[in-house]
Structure formats: structure tokens, C-alpha cells
Participant: 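Shown below is the structure under consideration.
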Amino acid sequence: MPRILLRVAALTACLLSAAFAAGVTQRAGTAPSGGEAPFDVIIANGRVIDGTGSPWYSADVGIRGGRIAAIGTLSNATAKRRIDAAGKVVAPGFIDMLGQSEFTILVDPRLPSKIYQGITTEITGEGTSAAPMMGFAREEAAQALEHYGLKADWQSLGEYFARLERQGMGINLASYVGATTIREVVIGGADRPPTAAELERMRALVREAMVQGAMGVSTSLEYAPAPYASTEELIALAAEAAPYGGIYATHMRSEGDGMVAALDETFRIAREAHIPAEIWHLKVAGKKNWGHMPDVIKRIEAARASGLDITADTYAYTAWFNDMSAFVPPWAHDGGNDQMVARLKDPTARARIVKDINTPSDTWDNEWDEIPGPESILIGVVKNPALRPLQGQTLAAIAKARGKDPIETLLDILVEDNGFTGCAVFGMQEDDVALALVQPWVSVNNDSSGTSPEGKLGEEHPHPRAYGTFPRILRKYVREEHRLSLEEAIRKFSALPAQRMRLADRGVLKRGLWADVVVFDPATIADRSTFNSPNELAVGMRWVLVNGVPVIADGQMTGARPGRVLRGPGYTGKQR
């Protein structure tokens with residue numbers, strides 16, 4: 001075993017041992033002794049759900065110096081602030097396993113859409129990451145940065161993290177390094193394999209990101225230029241992250257017709273790179289694949305039984321949200337976004353694109369073949385102000401209004417928006433979604449960037465999951481449908497993802513751990529965001545504390561920015 005891996009394993013074991021040793025719950029009088037300082041905050045009279053899946057119990061929670069200092073009876077203790085949580089649940093802050101906020105957190109660092117859900121930590125970097133920000137990767141990110149009025153004043157992941165720390169933020173944030181970004185830096189947008197020298201440069205960039213704090217390496221294999229990477233290329237990159245304690249996280253090559261092959265590729269990467277794997281937003285896409293989630297679960301559980309460390313997460317909606325350019329076959333993306341748009345303008349290339357979209361295929365993830373029809377596509381985010389009236393409309397309605405074929409309309413919109421458009425796609429079945437959610441090894445992701453009903457971000461029309469994922473699960477699957485117990489839902493929101501991401505000092509309410517804490521009413525917690533009206537904050541979250549500091553106090557956002565950058569176990573600087 002490599003020496004650094006031994007150090008990582010030892011560190012993780014020590015952290016876990018210390019965390020749980022410190023977490024012996026105090027149930028009887030635990031007022032500060034002698035000259036001990038008052039608590040900063042006492043959350044009193046709450047129903048404590050500690051995140052482990054254990055039943056709730058009545059207790060007070062004392063916080064000092066950003067950490068949980070005591071759990072028990074604190075009625076005689078002094079505190080700078082005392083919160084009455086009678087009738088409320090007190091739980092660990094929620095961990096978003098895929099958050100996409102790497103740019104929007106620079107627009108509105110408070111991230112109201114996140115904190116009103118109870119999210120206190122986000123993991124981001126789906127295939128593309130905020131860094132390294134160089135070469136072709138910088139060119140491809142330019143349009144999104146311009147859309148948000150941002151300038152990339154960083155190149156490395158370490159510099160990006162420093163940027164976050166200088167400005168402050170409302171939640172904690174961690175990031176993978178994206179394999180697509182690495183490929184774009186070294187190869188550009190070309191559909192070709194790397195040379196031996198290029199692959200070594202890519203591997204070096206992964207190592208550099210890992211020592212700067214990346215949580216692992218990630219892929220988003222549906223979106224060009226990611227599909228141009230071979231399995232062997234991905235194994236080589238994942239193998240560089242493994243000795244640093246990293247994870248391989250993936251939006252698989254297919255979530256529909258090619259699901260079996262995509263799962264097998266994920267298992268192979270985990271096996272040959274000797275790395276844990278996380279399957280992002282586990283789904284069965286496409287009407288003809290509906291009902292196959294039991295088969296997918298069996299395959300994953302068989303892989304787990306064989307010794308592979310495979311887990312997954314879900315956002316539990318029947319529509320996904322992605323770039324509308326995903327409907328365009330991979331070959332047409334060769335060279336990057338500008339080349340794709342040029343092909344859409346060229347009659348010969350466009351005719352070939354339309355033919356490929358209309359032809360079922362097992363060689364690429366043809367989303368058009370997976371949906372019932374153009375009524376299943378809802379235009380979300382656009383960059384061109386002239387297209388803003390299309391936000392919230394279906395492709396079917398737009399095509400009818402324009403008097404054109406739906407596929408031609410889709411391609412026209414991409415040309416008019418220079419390939420930027422994002423859309424919601426209704427391509428899943430509820431039974432499959434619910435079955436994935438209840439698996440004990442499945443946690444939860446928001447799969448949306450943090451946003452706000454106000455300002456620049458409020459002009460967009462996001463998927464309602466951006467505002468509603470976690471409260472919706474508590475409302476729909478816990479309170480209304482009883483598919484999950486409240487304790488199990490909280491475990492999926494906290495301890496399970498913390499364990500997966502090796503955040504040994506978060507995710508559980510235990511003495512000595514960081515005080516990421518939520519206080520909510522289990523009878524009223526709910527989502528308000530819909531596909532028609534998405535920019536609606538969730539309700540029911542009374543208090544949200546990040547590192548012991550309230551970002552929501554008595555139901556109102558405070559504007560505080562106590563969040564921290566959470567760096568991975570390979571980080572060689574100061575400890576997080």
C-alpha cells in the first residue's frame with residue numbers, strides 16, 4: 001500500500017475514533033463546570049435526531065466555538081443565545097452530494113435556495129470543475145462566467161478555494177476535480193485519445209488537484225467532450241486520485257438504453273483503479289426502460305457484495321435538468337461549443353444531426369429517443385435576453401407557436417442561444433425514483449446550483465429541485481407516503497454522505513464535531529418550488545447553523561457567511 005494511503009487511512013481512523021469517542025451523549029445535568037465559559041448557543045427542548053438512524057430523543061444541544069460542546073440537560077447552563085426548539089426536530093445539517101454552485105456561490109454567497117432547505121455542506125464538480133481554469137477549459141467556461149458577470153481570477157483549485165475563503169460563504173463547500181476539465185486543459189475539445197505525454201500531464205493535474213484539496217476525480221460522461229474519453233483513460237485518472245483517499249464520482253455514460261454497459265464501466269473503473277465510486281443521480285431514463293430499477297439495484301448490490309465500494313445518490317424527481325445541447329450527438333461537439341453551433345448552422349451537418357437524433361442508438365445516450373415527446377422538454381435557463389420569454393415553456397408549445405418541427409426548433413434555440421440553453425426533461429417513472437431513494441446506500445443530491453429569487457439568479461427558471469429537494473423528500477416520502485422514517489431520511493441527508501465523503505468531523509450530532517445544525521418543524525417542512533414557479537424558497541426551516549453560526553434565525557436569513565472550504569484527505573496544507 002502506498003505510504004500516503006497508509007497515512008490517509010490512519011488519519012481517517014483517528015478522526016472517526018476521536019469523533020465517536022467524543023460523541024458519548026450526555027443525558028443528565030451537563031452545565032459548564034467551574035470557570036468554563038458559557039455556551040455560544042443552546043438549542044433547548046428539541047427532538048434530537050443525531051443522523052445515525054437511531055430513534056429521536058429529547059435533549060438540549062450546547063454549542064461553543066463552532067462545535068457541539070454538550071448534548072443533554074442544559075437547563076441550568078448559561079448561553080449567549082438560547083433557542084427554544086420545543087416541538088421541533090434538531091438534526092445535523094444536510095449534505096448535498098452534488099450541488100453545482102461553483103460559480104453561483106460567487107454571485108450570491110448566501111445561497112438562499114440551499115440554506116432554506118437545510119443544506120449546510122455542498123459537494124460540487126460534476127465532470128467539469130472550477131479549476132484548473134486554463135487553456136480551452138477557460139474558453140469553454142467563459143460563456144457561463146459572462147452570464148453571471150464573473151471573472152475567473154484563479155487558475156488552480158487551491159486559488160479558487162482561496163477566492164472562496166476571502167469572500168466568505170453561507171455554506172461549506174467541497175469539490176472534485178473534473179476529468180472533463182482536465183481533458184480540456186490538455187487536449188481541448190477534440191474527439192481523440194491523449195498521447196502518452198498528454199495522459200501523463202492529465203495525471204499530474206489530478207495529483208496537483210488532490211494535494212490542493214479535491215475530494216476525488218469526477219466524470220460527466222454524457223456531455224462532450226467527456227464521451228471521447230476511453231475507459232482506460234478514466235482508470236488512469238481515477239488511479240491517481242486513489243492513493244490520496246479520493247473518490248471516483250460519475251454521471252455515467254448512459255442512464256437509459258446503455259445502462260448495463262455504463263454500470264459495468266463504473267464497476268471496472270472502481271476495481272482497476274482501486275477506488276470507491278459514487279454514482280450520481282441514480283436513475284432509469286427513457287420510457288422503454290421504465291420499471292428496470294430493480295435490475296439496476298441488483299447489479300449494484302452484486303458489485304458491492306463482490307467487494308467494490310459502490311454507492312449512489314438521487315434527487316427524487318421524475319425530470320432531470322441538463323444542457324439542451326445534450327440532445328446533439330457527440331460527434332457534432334468535436335472542437336467545443338463554437339464548433340457545435342457552426343455545425344447546427346451548416347445545412348449538411350445539420351441534416352446529419354437531425355437524422356442521428358431521430359435514430360435509436362446504443363452508441364450514445366440519445367435523450368430524444370428516451371422521452372415521450374417534445375412536451376417532455378421544458379426550457380429553463382437561457383443566456384440570450386431575447387429568448388427569456390421561452391423560459392418555462394415546453395418545446396412542443398414553442399414549436400407550435402413557431403410553426404416548425406420540434407427537433408428543428410430545438411436546434412434553432414441552441415443556435416440563437418449559442419448552445420447555452422438548459423432544460424428540464426421528463427424522462428423517469430415515479431416507482432423507479434422512489435425505489436432508488438429508499439436503498440440504504442443511496443444518499444441525496446440537489447444537482448442544482450445554489451440560487452436566489454432575487455437579482456441575477458432570480459431571472460433564471462431552474463428545475464424546482466434547486467429550491468426543494470430535501471424538504472420535498474421530508475414532505476412527500478416521509479410525511480405523506482411513509483416510504484422513509486424521519487430518522488432514515490435524516491441519515492441519508494447527513495451521516496451517510498459524511499461517511500462517504502470522509503467528513504469525520506461532520507454529519508452527526510456528537511460532542512466535538514462541527515455544529516452544522518438544523519431546527520425544523522416536521523409537520524410543516526415543505527417545498528414550494530414547482531416547474532411553473534420554481535423560484536420559491538422552501539418553508540419550515542426555523543434555524544440553520546453552519547459551524548455554529550446561524551444563517552437562518554427564527555425563519556429569516558441572517559446574511560452570515562460562516563461556511564468553510566472542506567478539503568479532501570490528500571490536502572497537504574493546514575487541516576480543515
Side-chain angles (χ1 to χ4, degrees), residues 49 51-55 91-92 94-99 123 126 218 247-252 254-256 259-260 262-267 269-271 275-286 289-320 427-447 465 469-503 507-508:
I49 298 180
T52 65
S54 299
F94 304 159
I95 298 174
D96 180 355
M97 287 292 275
L98 177 57
I123 318 298
E126 186 190 8
S218 68
I247 297 166
Y248 171 69
T250 182
H251 174 147
M252 296 190 299
S254 175
E255 298 170 320
M259 183 72 156
V260 171
L263 284 168
D264 287 345
E265 179 182 48
T266 301
F267 301 156
I269 293 168
R271 182 180 302 108
I275 194 168
E278 177 78 9
I279 299 172
W280 274 324
H281 43 64
L282 181 65
K283 67 172 70 73
V284 175
N289 299 308
W290 290 353
H292 288 180
M293 184 58 76
D295 300 327
V296 170
I297 290 168
K298 286 178 183 177
R299 285 183 171 274
I300 295 173
E301 290 189 333
R304 288 172 56 82
S306 75
L308 295 180
D309 188 358
I310 310 289
T311 54
D313 49 62
T314 179
Y315 46 78
Y317 285 81
T318 57
W320 61 83
M428 290 176 276
Q429 175 183 252
E430 173 62 23
D431 287 349
D432 290 329
V433 169
L435 185 60
L437 174 64
V438 300
Q439 301 309 307
W441 37 266
V442 171
S443 54
V444 174
N445 77 78
N446 210 48
D447 199 15
R465 69 191 182 192
T469 300
F470 289 80
R472 180 175 183 269
I473 290 172
L474 293 174
R475 172 188 61 79
K476 176 178 171 63
Y477 296 102
V478 174
R479 193 166 68 235
E480 297 175 359
E481 299 182 5
H482 308 292
R483 293 178 185 264
L484 290 170
S485 69
L486 183 55
E487 288 84 354
E488 176 63 5
I490 297 300
R491 185 186 75 87
K492 287 174 172 291
F493 295 175
S494 56
L496 178 61
Q499 176 189 40
R500 176 34 124 208
M501 301 310 301
R502 303 179 181 183
L503 301 175
V508 179

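The structure displayed is predicted, hence computed values, not measured ones.
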Participant: When you compare the side chain of Val444 with that of Leu437, does any pair of heavy atoms fall below 4.5 Å?
Facilitator: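 Sidechains of Val444 and Leu437: in contact.
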Participant: Could you report the tightest heavy-atom contact between Ile275 and Ile247, atom names first, then the distance?
Facilitator: CD1-C, 3.7 Å
Participant: Is the CD atom of Gln499 crowded by more than 12 outside heavy atoms at less than 6.0 Å?
Facilitator: no
Participant: Can you confirm whether Leu484 sits close enough to Lys492 that some side-chain heavy atom of one is under 4.5 Å from a side-chain heavy atom of the other?
Facilitator: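 Side-chain contact under 4.5 Å: yes.
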Participant: Ignoring hydrogens and geometry, is there a side-chain-to-backbone donor-acceptor pair from Lys476 to Glu481 under 3.5 Å?
Facilitator: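 Side chain of Lys476 to backbone of Glu481: no pair is present.
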Participant: How long is the span from the CD1 atom in Ile123 to the OG atom in Ser443, to the nearest 0.5 Å?
Facilitator: 9.5 Å
Participant: Nearest 0.5 Å, what's the OH-CZ distance between Tyr477 and Arg472?
Facilitator: 4.5 Å
Participant: Test your reading of the model: is there a side-chain donor-acceptor pair from Trp290 to the backbone of Gly427, 3.5 Å cut-off?
Facilitator: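 Yes, Trp290 side chain to Gly427 backbone: donor-acceptor pair under 3.5 Å.
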Participant: I need the Met501 CE to Ile95 CD1 distance, nearest 0.5 Å.
Facilitator: 9.0 Å
Participant: CZ of Phe267 to CD1 of Ile300: how many Å apart, nearest 0.5 Å?
Facilitator: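 Here the rounded value is 5.5 Å.
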Participant: Could you check whether any side-chain heavy atom of Tyr315 comes within less than 4.5 Å of a side-chain heavy atom of Val433, counting everything from C-beta outward?
Facilitator: no
Participant: Grab the two heavy atoms, one from Pro92 and one from Ile49, that are nearest each other, plus how far apart they are.
Facilitator: CD-O, 3.2 Å
Participant: Taking all non-hydrogen atoms of both residues, which atom of Gly291 and which atom of Gln429 are closest, and how far apart?
Facilitator: N-NE2, 3.4 Å
Participant: Test side chain to side chain contact (heavy atoms under 4.5 Å, CB included) on Asp264 and Arg299 and set out the steps.
Facilitator: CA-CA 9 Å; Asp264 287 345; Arg299 285 183 171 274; 3.8 Å; yes
Participant: Using a 3.5 Å cut-off and no angle test, enumerate the donor-acceptor pairs between side-chain atoms of residues 305-314 and protein atoms at least two apart in sequence or in another chain.
Facilitator:
residue	atom	partner	partner atom	Å
Ser306	OG	Ala303	O	2.6
Asp309	OD1	Arg500	NH1	3.1
Asp309	OD1	Arg500	NH2	3.1
Asp309	OD2	Arg500	NH1	3.1
Thr311	OG1	Glu278	OE1	2.4
Thr311	OG1	Arg500	NE	2.8
Thr311	OG1	Arg500	NH2	2.9
Asp313	OD1	His281	N	2.8
Asp313	OD1	Asn445	ND2	2.6
Thr314	OG1	Ala316	N	3.1

Participant: Partners of Glu255 by salt bridge (charged side-chain N to carboxylate O under 4.0 Å, His left out), sequence neighbours excluded?
Facilitator: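 Applying salt bridge (charged side-chain N to carboxylate O under 4.0 Å, His left out) to Glu255 gives Lys283.
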Participant: Without swapping roles, check the side chain of Asp96 against the backbone of Asn446 for a donor-acceptor pair under 3.5 Å.
Facilitator: yes
Participant: Under a 4.0 Å N-O cut-off, is there an ion pair linking Glu301 with Lys298?
Facilitator: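 Result for this pair is no, no salt bridge flagged.
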Participant: If you take all heavy atoms of Leu98 and Glu126, which pair is closest and at what distance?
Facilitator: CD1-CB, 3.7 Å
Participant: To the nearest 0.5 Å, tell me how far Ile297 CD1 sits from Met293 CE.
Facilitator: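 Ile297 CD1 to Met293 CE: 6.0 Å, rounded to 0.5 Å.
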Participant: By side-chain hydrogen bond (donor to acceptor under 3.5 Å, both in side chains), which residues pair with Asp447, not counting sequence neighbours?
Facilitator: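 Asp447 satisfies side-chain hydrogen bond (donor to acceptor under 3.5 Å, both in side chains) with Gln100, Arg465 only.
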Participant: Ignoring hydrogens, what is the shortest heavy-atom contact between Pro276 and Arg502? Give both atom names and the distance.
Facilitator: CG-NH2, 3.6 Å
Participant: Can you tell me how far apart NE2 (His251) and CG (Leu282) are? Round to the nearest 0.5 Å.
Facilitator: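 That separation rounds to 11.5 Å.
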Participant: For residues Arg479 and His482, report the shortest heavy-atom separation together with the two atoms involved.
Facilitator: O-CE1, 3.3 Å
